[in-house]
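Here is the structure we will look at, set down as structure tokens.
Here is how names work: the chains are called A, B, and so on, in the same order as the sequence lines, proteins then strands, and each is numbered from 1. Below, each value reflects all heavy atoms present in this structure, side chains not excepted, and no hydrogens, waters or symmetry copies. For clarity, every value in this text was computed on a predicted model and none was experimentally measured.
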There are 2 protein chains.
Amino acid sequence: MARTTGSHSDITGPRVRAAALRLFAAGGYAAVSMRAIAAEVGVQAGALYNYTPDKQSLLFDLMQGHMTDLLAQTPSQSGRSPMQQLQDFVAFHIRFHADRPDEVFIAYMELRNLTEENFAVIEGLRRAYEDRLEAILRAGAATGEFAVADTKIVTLAIIAMLTGVNTWYRAGGRLSLDEVVAQYWDMVRKAVTA
Amino acid sequence: MARTTGSHSDITGPRVRAAALRLFAAGGYAAVSMRAIAAEVGVQAGALYNYTPDKQSLLFDLMQGHMTDLLAQTPSQSGRSPMQQLQDFVAFHIRFHADRPDEVFIAYMELRNLTEENFAVIEGLRRAYEDRLEAILRAGAATGEFAVADTKIVTLAIIAMLTGVNTWYRAGGRLSLDEVVAQYWDMVRKAVTA
DNA sequence: TTTGCTTTTGAACGCTTGTTCATTAAATTG
DNA sequence: CAATTTAATGAACAAGCGTTCAAAAGCAAA
């Protein structure tokens, strides 16, 4: 009973990635079987191999897509002051991450399940993102707008703080995203100024 | 009568936990087999069951032990001002976590591999730890020392920022732990004051 | 040395894993 | 309608999983 209703290849591909995303985020890469992903899509396990060469590629593609989107959408308007750029960055980071909790979760939790080569690629993208923020901090330190002793540490501290939002923020909760952004911006602004 | 001095059980038990800790941190709970843990100890897989009823308990005991230690050692000197207590907390958190990278990693990454009941226990301990920090922030907000609008958010932001140290700090690196503590305390202090 | 308890072995259990592939059915094309 | 292409099945593979347990080995006390 192959191919039950209609031709699905252009539909099944995205559904496979969506199912893998959801299940990897919920249970972890190692704990999710190809059969579980197939069941979520509504096909047999063998059919998945029309859409991915193997399980590892499924994970890598999800992570690479996420990091690529993140970098592509990071604001970088050189016409604005370091302070304004920092504010843009904080707002962007919180909103971008709040919109994609599953992708963010995977990108942070499943690094160790990547092969060595795949890990190097993702690590490079992550570092490129950190460099965007650090460039802003260095610019602000140069103009004296910011009082930061060690831009690398401040970069990592800010990103850790902002990404932490994802562990508790839920749409429709006590606080709106606007309020969250305002609160975090207040903390970041004070932390980087004298 | 009972084999007291030559017994291996008091030696093997801790070695099993140490091996599980190291391997879980390196590869993830789901990806580490009981046979791999046994091999690390130098014993056959069956022997592990003299020391743990099952794999889940091994994970839970490690996490519970870690969280219990964390709570037990958290400073709580009511004679000090909120500002001093906050400084104590920041220094303690960074040092305690830097000392136990594997335990910290597991405690944050393997929550989803706990059974429902075990998760509830660990979650309770984590929340209790957060409450310690929030109590300090509330006390400081009450006296006017701190300018924090939402103590819950600030609590989570600070903890996320401090715990982030573990993703990059390595003993013998560019910065000493004293320097790290000083830098983070500077950021936290500025973030919570006006 | 013998007795008795503790600890470990090693095989076995039923089940799941990622992946392959010949087969078959549906959709598309001529 | 017939021929072809595409996509899904379902069985099979070898390997590995957590866990159990009778048997063996090791050691302490008598």
B:Tyr49 OH to D:dA22 P, in whole Å, measures 17 Å
Side chain of B:Val43 - closest among C:dT8, C:dT19, D:dA7: C:dT8
Under 3.5 Å, side-chain donor or acceptor atoms of residues 119-126 of chain A against the rest of the protein: list the pairs with distances, not counting sequence neighbours.
from, atom 1, to, atom 2, distance (Å)
A:Glu123, OE1, A:Arg126, NE, 3.3
A:Glu123, OE1, A:Arg126, NH2, 3.4
A:Glu123, OE2, A:Arg126, NH2, 2.6
A:Glu123, OE2, A:Arg127, NH2, 3.4
A:Arg126, NH1, A:Glu130, OE2, 2.2

Are B:Phe89 and B:Tyr129, when compared by the centres of their aromatic rings, separated by less than 6.0 Å? yes
Within 45 degrees of the axis of the six-membered ring of A:Phe92 and under 6.0 Å from its centre: does A:Arg95 put its NZ or CZ there? no
Is the shortest distance from a Lys or Arg side-chain nitrogen in B:Asp186 or B:Lys190 to a carboxylate oxygen in the other one below 4.0 Å? yes
For the pair A:Arg22 and A:Glu103, find out whether any cationic side-chain nitrogen is under 4.0 Å from an anionic carboxylate oxygen. no
Could you check whether any side-chain N or O of B:Gln85 sits under 3.5 Å from a backbone N or O of B:Arg80, counting only pairs where one atom can act as donor and the other as acceptor? yes
DNA chain C: 5'-proximal contact among B:Ala47 and A:Pro53 (nearest heavy atom): B:Ala47
Tell me the interatomic distance from B:Gln44, atom CD, to D:dT20, atom P, rounded to whole angstroms. 17 Å
Quickly work out the B:Leu59 CG to D:dG18 C1' distance and round it to whole Å. 15 Å
Could you state the atom-to-atom distance from NZ of B:Lys55 to P of D:dC17 in whole Å? 8 Å
Pull out every residue in residues 21-38 of chain A that has a heavy atom closer than 4.0 Å to any atom of DNA chain D, ordered by number, or say none. A:Arg35
So, does B:Thr12 get its side chain near the phosphate of C:dT7, meaning an N or O under 4.0 Å from OP1 or OP2? no
Send over the distance from B:Leu48 CG to C:dG10 C1', rounded to a whole Å. 14 Å
Give a yes/no on whether any side-chain N or O of B:Tyr51 is located under 4.0 angstrom from OP1 or OP2 of C:dT8. yes
Measure CG/A:Asn50 against P/D:dT9 and give the value in whole Å, please. 10 Å
